[in-house]
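First, the structure itself, so that you have it in front of you.
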Amino acid sequence: MTKIDVNECRDSSINLHELKNVNKKYTFYYDETNNERKFHLQKGKFNIKIDQNFILGGLAFEGDKKEFKIKELFKELNLQKNITEVKFKYIASGNFVDVLKSKKINLILKWIDSNNLYLHYTNLNPLYFGIVDIIDSAVVSSETINGFNLMYLNDVKNQLYVALNDNTEYTEAMFFEYDYPNVDKDKIEKFIENILDILEPYRDVPERHLGIETAIQILKTSKRKKSLPFIQDQTKHVLMQDYSSLYINPLYMFKNSKHYFDKEDQIQKVLNQYEFVDENRKLDHYEFVDSKNHDLIQLSDVMMGLLGKLYACVRQNSISDLQKILYQLDDLQRENLNIINKLTWKSQRECSAFLTQIVSYEERAREHILLP
């Protein structure tokens with residue numbers, strides 16, 4: 001069993017991001033959406049829908065005990081009598097715009113808001129996560145490594161992501177051909193040439209020029225050195241072995257809290273290999289439970305389903321399209337979106353570590369159209 005000293009994991013993040021309230025005692029409930037368990041290439045194609053994000057999270061409240069009249073809410077939803085567990089699929093369907101029309105969603109959002117619950121989640125764009133090691137590798141190989149601050153480096157990663165995401169079929173074929181992320185040293189030059197071919201047309205786009213030009217120059221340095229250290233000696237075709245790290249992060253960040261995860265056998269096996277310790281104190285602060293016995297996990301399922309639709313909408317539409325969508329919302333849709341926005345900001349103010357985004361700058365800009 002591997003020991004994880006939670007303080008070693010969390011202290012630098014707390015100081016860097018000036019996180020507050022992470023030492024308070026909360027109770028967290030979790031569910032997830034778009035969980036394909038593994039992100040890899042299969043027969044030359046990604047195994048997941050590349051325009052949808054994996055989201056893990058749910059609802060939280062301060063303290064370890066609180067009484068909620070959830071059964072009354074469930075009765076108000078007026079679901080079919082044979083439904084034994086509240087899930088998003090029974091509440092609403094369709095795309096995000098369709099889901100916002102749901103009166104049941106409206107009831108749930110108002111109930112969550114009035115009961116002073118917080119949202120918490122990690123929103124992961126798998127493709128973005130899977131390609132950032134290309135830039136990190138190139139930066140390590142570059143002589144200008146000390147010249148990049150974090151914000152600028154993230155913009156460079158964003159520009160690479162946009163280019164690869166715009167050319168998904170080419171990206172899939174290229175990654176498969178070169179066994180990404182296990183590119184053989186002898187193939188580094190050709191692999192980088194392929195990426196440069198994708199990047200070249202974006203040089204002439206004014207808002208992308210600087211980030212693209214930087215990416216091109218540091219990749220050319222890597223090409224000369226035949227070195228991309230973070231995408232060598234890895235498992236070929238596997239961009240993400242599992243999502244266990246996203247379950248582990250809140251366990252060390254919120255070490256004084258209690259965490260209830262919906263049953264997930266694969267993740268449970270991974271976490272069983274670790275022992276979380278706070279100095280000399282062994283932590284016993286999480287459980288995998290049956291959602292049928294935990295109403296707040298059922299509501300977390302609804303919220304993660306709702307957020308899954310939201311971020312799919314963000315991924316699949318341009319800024320101008322999102323502005324049109326926002327303009328065309330009716331009163332109920334607008335009210336539901338406003339409550340989502342209210343819950344998001346209330347949670348952010350309580351603790352910015354409640355909401356984690358592993359996505360591109362491009363996505364954040366689009367998200368802010370719907371959630372300003």
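In this chain, residues are counted from 1 in sequence order.
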Next item on the list: Can you label the angle between the Phe261 ring and the Tyr286 ring as parallel, tilted or perpendicular, going by 30° and 60°?
Entry: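 The rings of Phe261 and Tyr286 stand perpendicular, inter-plane angle above 60°.
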
Notebook entry, point to check: Does CG in Asn15 sit with more than 12 non-hydrogen atoms of other residues, nucleotides or ligands closer than 6.0 Å?
Noted result: yes

Check: Within a reach of under 6.0 Å around CD of Glu207, are more than 12 heavy atoms found that belong to other residues, nucleotides or ligands?
Finding: yes

Notebook entry, point to check: So does Glu362 pair up with Arg208, basic N to acidic O under 4.0 Å?
Noted result: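 The answer is yes: the pair qualifies as a salt bridge.
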
Item checked: Flag, side chain of Asn115 to backbone of Leu117, donor-acceptor distance under 3.5 Å ->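 Such a contact is absent between Asn115 side chain and Leu117 backbone.
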
Margin query: Under a 3.5 Å cutoff, is there a donor and acceptor pairing between the side chains of Glu32 and Tyr247?
Written below: yes

Next item on the list: Assess whether atom CG of Asn280 is packed by more than 12 heavy atoms of other residues, nucleotides or ligands within 6.0 Å.
Entry: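 At most 12 heavy atoms, drawn from other residues, nucleotides or ligands, come within 6.0 Å of this atom.
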
Next item on the list: Could you walk me through whether Asp184 and Tyr178 pass the side-chain hydrogen bond (donor to acceptor under 3.5 Å, both in side chains) test, one step at a time?
Entry: CA-CA 7 Å; Asp184 188 272; Tyr178 292 100; over 6 Å; no

Checklist line | Glu264 CD to Leu56 CG distance, which is reported to the nearest 0.5 Å | finding: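 Reported value, rounded in 0.5 Å steps: 9.5 Å.
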
Note to self: I'd like to know if the side chain of Asp278 and the backbone of Arg281 have a donor-acceptor N/O pair within less than 3.5 Å.
What the structure shows: no

Item checked: Test of ring centre spacing under 6.0 Å for Tyr30 and Tyr260 ->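 Centroid distance Tyr30-Tyr260: not below 6.0 Å, so no.
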
Next item on the list: Flag the pair Glu76 and Lys104 as a salt bridge only when some basic side-chain nitrogen lies within less than 4.0 angstrom of an acidic carboxylate oxygen.
Entry: no

Note to self: Donor-acceptor check, side chain of Thr344 to backbone of Ile340, threshold 3.5 angstrom: yes or no?
What the structure shows: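 Flag set: sc Thr344 to bb Ile340 pair under 3.5 Å.
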
Next item on the list: Please say which of Thr171, Leu228, Ile216, Leu219 ends up in a side chain to side chain contact (heavy atoms under 4.5 Å, CB included) with Ile195.
Entry: Leu219

Note to self: Can you confirm whether Phe28 sits close enough to Lys258 that some side-chain heavy atom of one is under 4.5 Å from a side-chain heavy atom of the other?
What the structure shows: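 They are not in side-chain contact.
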
Checklist line | Mutual orientation of the aromatic rings belonging to Tyr243 and Phe54 [parallel < 30°, tilted 30-60°, perpendicular > 60°] | finding: parallel

Margin query: Testing the 3.5 Å rule here: is there a donor-acceptor pair between the side chains of Asn106 and Glu335?
Written below: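 Looking only at side-chain atoms, Glu335 and Asn106 do form a donor-acceptor pair, the distance falling under 3.5 Å.
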
Note to self: I want to know whether Tyr361 and Tyr128 have ring centres closer than 6.0 Å.
What the structure shows: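 No, the ring of Tyr361 stays outside the 6.0 Å limit from the ring of Tyr128, centre to centre.
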
Notebook entry, point to check: Is any side-chain N of the basic residue among Asp179 and Lys187 closer than 4.0 Å to the acidic one's carboxylate O?
Noted result: no

Note to self: Tell me if the OH atom of Tyr202 is crowded by more than 12 foreign heavy atoms within 6.0 Å.
What the structure shows: yes

Checklist line | Contacts of His40 that satisfy ring pair (Phe, Tyr, Trp, His ring centres under 6.0 Å) - sequence neighbours left out | finding: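 Residues passing ring pair (Phe, Tyr, Trp, His ring centres under 6.0 Å) with His40: none at all.
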
Item checked: ring pair (Phe, Tyr, Trp, His ring centres under 6.0 Å), paired with Phe61, selected from Tyr26, Phe68, Tyr118 -> Phe68

Check: Does NZ in Lys103 sit with more than 12 non-hydrogen atoms of other residues, nucleotides or ligands closer than 6.0 Å?
Finding: no

Item checked: Distance (rounded to the nearest 0.5 Å) between Leu251 CG and His285 NE2 ->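 NE2 of His285 is found 4.5 Å from CG of Leu251.
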
Next item on the list: Rounded to the nearest 0.5 Å, what's the gap from OG1 on Thr214 to CG on Leu160? Could you check?
Entry: 12.0 Å

Check: Around atom CD of Gln273, are there more than 12 heavy atoms of other residues, nucleotides or ligands at under 6.0 Å?
Finding: yes

Next item on the list: Might you work through the side-chain hydrogen bond (donor to acceptor under 3.5 Å, both in side chains) test for Asn182 and Gln232, ending with a clear yes or no?
Entry: CA-CA 4 Å; Asn182 184 39; Gln232 297 173 252; over 6 Å; no

Note to self: Ring centres under 6.0 Å, that's the criterion: do Phe176 and His237 meet it?
What the structure shows: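 When the ring centroids of Phe176 and His237 are compared, they turn out to be within the sub-6.0 Å range.
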
Check: If only atom types and distance count, is the side chain of Gln333 paired as donor or acceptor with the main-chain N or O of Asp330 below 3.5 Å?
Finding: yes

Next item on the list: May I ask you to say whether Lys223 pairs ionically with Glu189, meaning some side-chain N is under 4.0 Å from a carboxylate O?
Entry: no

Next item on the list: Tell me yes or no: between the side chains of Lys255 and Asn7, is some donor less than 3.5 Å from an acceptor?
Entry: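 A donor-acceptor contact under 3.5 Å links the two side chains.
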
Item checked: Sub-4.5 Å side-chain heavy-atom contact between Lys236 and Val183 ->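 The answer is no, as the side chains (C-beta and beyond) never meet within the 4.5 Å cut-off.
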
Checklist line | Any donor-acceptor pair under 3.5 Å from Gln234 side chain to Pro181 backbone | finding: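 Between the backbone of Pro181 and the side chain of Gln234 there is no qualifying donor-acceptor contact (under 3.5 Å).
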
Next item on the list: Would you confirm whether Asn47, through its side chain, and Lys38, through its main-chain N or O, come within 3.5 Å as a donor-acceptor pair?
Entry: yes

Next item on the list: Assess whether atom NZ of Lys66 is packed by more than 12 heavy atoms of other residues, nucleotides or ligands within 6.0 Å.
Entry: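 Correct, the count exceeds 12.
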
Next item on the list: Return yes if a side-chain donor-acceptor contact under 3.5 Å exists between Asn53 and Arg315, otherwise no.
Entry: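 Looking only at side-chain atoms, Arg315 and Asn53 do form a donor-acceptor pair, the distance falling under 3.5 Å.
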
Next item on the list: Please step through salt bridge (Lys or Arg N to Asp or Glu O under 4.0 Å) for the pair Glu172 and Lys45, ending with a clear verdict.
Entry: CA-CA 6 Å; Glu172 287 175 318; Lys45 297 289 183 182; 3.6 Å; yes

Next item on the list: Test side-chain contact (heavy atoms from CB on, under 4.5 Å) on Glu275 and Thr2 and set out the steps.
Entry: CA-CA 6 Å; Glu275 181 180 291; Thr2 303; over 6 Å; no

Next item on the list: Test Asn272 against Gln268 for side-chain hydrogen bond (donor to acceptor under 3.5 Å, both in side chains), laying out the working first.
Entry: CA-CA 6 Å; Asn272 284 342; Gln268 192 167 356; 5.0 Å; no

Margin query: Please verify the inter-ring angle class for Phe354 with Phe254; under 30° counts as parallel, over 60° as perpendicular, anything in between as tilted.
Written below: tilted

Next item on the list: Assess whether side-chain hydrogen bond (donor to acceptor under 3.5 Å, both in side chains) is satisfied between Gln357 and Asn123, documenting all intermediate values.
Entry: CA-CA 5 Å; Gln357 301 275 12; Asn123 175 31; 2.7 Å; yes

Next item on the list: Report yes or no: does Thr33 contribute a side-chain atom to a donor-acceptor pair with the main-chain N or O of Gly308 at less than 3.5 Å?
Entry: no

Check: When rounded to the nearest 0.5 angstrom, what distance separates OG in Ser244 from CD in Gln241?
Finding: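 If I round to the nearest 0.5 Å, the distance is 9.0 Å.
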
Notebook entry, point to check: Any chance CE of Met1 has more than 12 other-residue heavy atoms, nucleotides or ligands included, within less than 6.0 Å?
Noted result: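 More than 12 within 6.0 Å, yes.
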
Checklist line | Asn125 side chain to Tyr311 side chain, donor-acceptor N/O pair below 3.5 angstrom | finding: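 Absent: no donor and acceptor within the cut-off.
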
Note to self: To the nearest 0.5 Å, what is the distance between CZ on Phe191 and CZ on Phe175?
What the structure shows: 5.0 Å

Note to self: Check this for me: does any side-chain nitrogen of one of Lys20 and Glu350 sit under 4.0 Å from a carboxylate oxygen of the other?
What the structure shows: no

Notebook entry, point to check: Quick check: does any side chain N or O of Arg37 sit under 3.5 Å from a backbone N or O of Asp242, one acting as donor and the other as acceptor?
Noted result: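 No; zero donor-acceptor contacts below 3.5 Å.
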
Margin query: Testing the basics here: between Gly57 and Ser300, what is the closest heavy-atom pair and its distance to 0.1 Å?
Written below: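 It is O-CB, 4.1 Å.
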
Next item on the list: For Asn158 and Ser360, work out which heavy atoms get closest and say how close.
Entry: OD1-CB, 3.2 Å

Notebook entry, point to check: Is it true that a side-chain atom of Thr122 and a backbone atom of Leu246 form a donor plus acceptor pair closer than 3.5 Å?
Noted result: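 Between the backbone of Leu246 and the side chain of Thr122 there is no qualifying donor-acceptor contact (under 3.5 Å).
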
Checklist line | Trp345 side chain vs Pro372 backbone, donor-acceptor pair below 3.5 Å | finding: yes

Next item on the list: Flag the pair Glu367 and Arg364 as a salt bridge only when some basic side-chain nitrogen lies within less than 4.0 angstrom of an acidic carboxylate oxygen.
Entry: yes

Check: Taking C-beta and beyond as the side chain, do Phe96 and Leu337 meet within less than 4.5 Å on heavy atoms?
Finding: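 Yes; the side chains approach each other to less than 4.5 Å.
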
Note to self: Side chains of Asp51 and Gln316: any donor to acceptor distance under 3.5 Å?
What the structure shows: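 Yes, Asp51 and Gln316 have a side-chain donor paired with an acceptor closer than 3.5 Å.
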
Check: What are the two closest non-hydrogen atoms of Gly211 and Asp155, and how far apart are they?
Finding: CA-OD2, 4.0 Å

